[in-house]
Every structure is written in C-alpha cells, then in structure tokens.
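Quick note: numbers below take in every heavy atom, side chains included, and nothing from hydrogens, waters or symmetry partners.
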Protein chains: 2
Amino acid sequence: MISILLVDDHPMLRQGVAQLIELEEGLMVVGQAGSGEEALHLAAQLDPDMVLLDLNMQGMNGIATLQALREQGFNACVMVFTVSDQHDDVVAALRAGADGYLLKDTEPEVLLQSIKAASQGQPVFSPQLARVLASGVRDQKADSAERMGELTGREAQILQCIAQGKTNKRIARELAIAEATVKVHVKNTLKKLGLRSRVEAAVWVLENRVFE
Amino acid sequence: MISILLVDDHPMLRQGVAQLIELEEGLMVVGQAGSGEEALHLAAQLDPDMVLLDLNMQGMNGIATLQALREQGFNACVMVFTVSDQHDDVVAALRAGADGYLLKDTEPEVLLQSIKAASQGQPVFSPQLARVLASGVRDQKADSAERMGELTGREAQILQCIAQGKTNKRIARELAIAEATVKVHVKNTLKKLGLRSRVEAAVWVLENRVFE
DNA sequence: TGAAAACTACCACCAAGGGAGTAGTGCGGC
DNA sequence: GCCGCACTACTCCCTTGGTGGTAGTTTTCA
C-alpha cells in the first residue's frame, strides 16, 4: 500500500485526484495540503511514501517546497504534477530533487501507473518532456564544454587530477601546494563547469574525453 | 633550497648520500634517521621538504614508516630509495603515499636530478620499474575486472549509479532504501574492486566501459 | 528444513569534500 | 603607476563519504 500526500492550492483538483487514487488498488491518499508550508508540516507528520506536488502555488511555490522538503530530511519519492512544461521548471525541479515530472494533462490511467512506477524508484516523466529534457541535457553539456575554455591552467590541471581519482590531499602533495588551495581550485572549477561534485567532474571529463 | 631528511639504517650509506647531496647546489641534508621511529620524530621536528626513505629497515620498516608519516600529517614529498625492485614493494609504497621510487643502483647524477624533479611535484621512478609498474597497473585492472563478477546485483546497480555521479542520498531515494544501506553497498563494492573512493570507482567504470 | 548469502537498517566515528569569505603576491597590460 | 587576474593560503562551518560493528529479514539452494 502506497501512501500519498497531495499538494496543490486548488481544492477541486485535489479532490479529483484523490478520488481517482482512492479507487485504485494499492494506493491511498493520507493527506492533502493547500500550500507549501502545510505540505512541509504534513510530510513530517504523516511520512508518506510519495508526494504529488504542484508547482504553481500561491506563497511558497513548488520548487521552494521541494527544496525545503529535502532539507528537512524528507527522502521519499516526490513527483511534480503541474501544467508547466517549461524547460526551466523541469530543470529546477530535477535539481531540487524531484523523482518525476508529470503534466496535468496526463491521462488518469497513466497517472496511476506512473505513481506506481515512481514508487519503485523508477524516474517518470511525461513523454511531452522528452524534447525539453534532451535539450536540457544537451545545453548542459554544451555549456560545460564552452566554459571549459574559461578554466585557468591550474584549474585544468586539477580537473585532470580529479579525473584520475586523486584526492585533494594527494593533488596538494603532487603539486606542492596546500590542500586548502586545491579546494579553492576545485570549487572554482566546479562552479565554472556547472557541476556539483568531483565525481560529476570526473564523469564529465571521461565521457567527453576532455584531456585526450 | 630543498631541505632533505635521510632515513636509512645503514650509517655508511647515509653518509655517502649526504655527502653527495651537500655538494649539490640547492640541496641540503637537514637530518638523518636510522630508524622509522626516529624518522617520525625528526620529520615532525624539522619539517623537511623531502624525505629519502629506505624500505628494508630493522624494526619499523619503510612502508610502515611512510604510512605513519602520512597519518601524522606529513604532506611533503617522500621518495623511496631502496634496493628492492619487487612488485609488491613498489605497489605498497605507492599505496602508502610515496611520491617516487628510486633503486639504490641509480647513478648519483640521476639521484640528484630526481630529487629536484620530485620536489617540483613530479613523480619519479627508476626506469627499471617501468615493467613492474605497467604490470602492476595491468594486474590491478585485471583484478578489478575479475572481481567485478563477485558483485551482487545490488552492488552492481549502485556502482552504476556512482559512475553517473550520483550521491549516496540520491541513490537511496531512487532505490527507495536508506542512505545507510547505500553506504554499506558502496563500502563492499569498493572493497571487492580494490578501489579507495567512489571517484576511483567512477573512473574505473568509465575507463573500462563496464556497463556498455 | 536448515544453512548461507544477500539485503536491509542503524549506530558511532572520523576523514574528505565543499561553500563563503579574506588576503597577500606576482605578472602583464593600459 | 594602477588595474585586473591568477595563484596562493588561511579560517570557519557544514555536508558528504567511508569504516567498523551489530542485527533482523528475505532469498536461495543443497
């Protein structure tokens, strides 16, 4: 039995979705929130298996709510359920820790199946987003490649070390500089490339054959 | 001026090397240790730019000394200087944090140049070790590939996530398990593959096209 | 059916990574 | 000369990663 928290500032829509879900075997609505603040409270209190989250809400919007949820340690599945198919919204949702992104014009049957799939840990997206997602990925890679040219010599050197699996301490020793300095270069490199960790940096370097 | 600490349990040999070094412009012997324990003490006290370290010593051997040096926060260059060209010794020294590995039959002129090169952060190895090092790398890779088969399904799944740059938290969310559990699988995976960090794991997966 | 292996979870602990900010030095260009 | 940039180094602070150990549950297989 999958317990679900609905978050949307339209009571009517919540009601419709809740009815749909309740009729389905194995799914159960354990709570409904009409705002981000309420969602945070109910998520902590009810600890549902999944949150179905609208983006366009008055006050605290969906992205902010999602970020706050993750910050307060909520690790269960969060599915964005919204009308927006805008590139920025999709990217922001994924960055904030969304596990899926469904548009509101999704067929009821598909919505139910998607909820089940997502609760298994499978990432779920509306097919209409394929183009957006693909371009998003492409943009990101193009961005990184472009920004690669902005790296200083030292930063490129350190990026190469990261892609060899070296630790900051080891890099510091090999380049004969302080570990704190290495960290600065790592931080600036990650920022310039739009990456979030040294692992992502290593993956990016190897996948794009940057130093070959 | 590069300050050097000599560590060897043969006073005669220390004397010879010290004399050689002192005659060279830009190099200076600031201390000599006849045992691992003494080396630890002197390294902390003198904070030299480089340690020239013998492996075959009575009592605390060179590898143990090197490990202890690194553990007590000694980050400067350590060059192993020994008679052993054994595969295991070379690998152990590198694992323990050696920056170079020279055999004692190295020409004096080469030794001096190597010291200078190493102090610039350049890794230095006797040419005779090329074969050993190459086979060492090959062995390690073969080992990993072999042990890959020993991974459980879950471990392989998590390894794949690591190679995509995902954090433990994100993996936990996607697989719908606790982060602590992810850590367990990561730990076991690293151990089985003989790797030391998730970055090394990511590099290994990508370089060997494990999931393709 | 009983043992082994895999999977799960939690704890405590320490090492490593990363953000944000401050600041000194050296170098090339205007 | 001064400006900007790269490089270096440091501090404080927090998150993430990794190891060790214990232990309960399911799956698999002999």
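Checking each of A:Thr65, A:Asp99, A:Leu5 against A:Val51 for a side chain to side chain contact (heavy atoms under 4.5 Å, CB included) leaves exactly one that passes, namely A:Leu5. Each of A:Lys187, A:Lys191, A:Lys192 was compared with A:Glu155 under the salt bridge (Lys or Arg N to Asp or Glu O under 4.0 Å) criterion, and only A:Lys192 meets it.
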In 5'-to-3' order, the base (B), backbone-only (S) or no-contact (-) status of each nucleotide in nucleotides 5-22 of chain D, using a 4.0 angstrom heavy-atom cut-off, is -SSBBB-----SBBBB--

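Across every non-hydrogen atom of B:Val80 and B:Ala93, the tightest pair is CG2-CB, 4.0 Å. Here the closest heavy-atom approach between residue B:Val30 and residue B:Pro48 is recorded as CG2-CB, 4.0 Å.
You'll find the side chain of A:Val90 stays beyond 4.5 Å of the side chain of A:Asp85, heavy atoms only.
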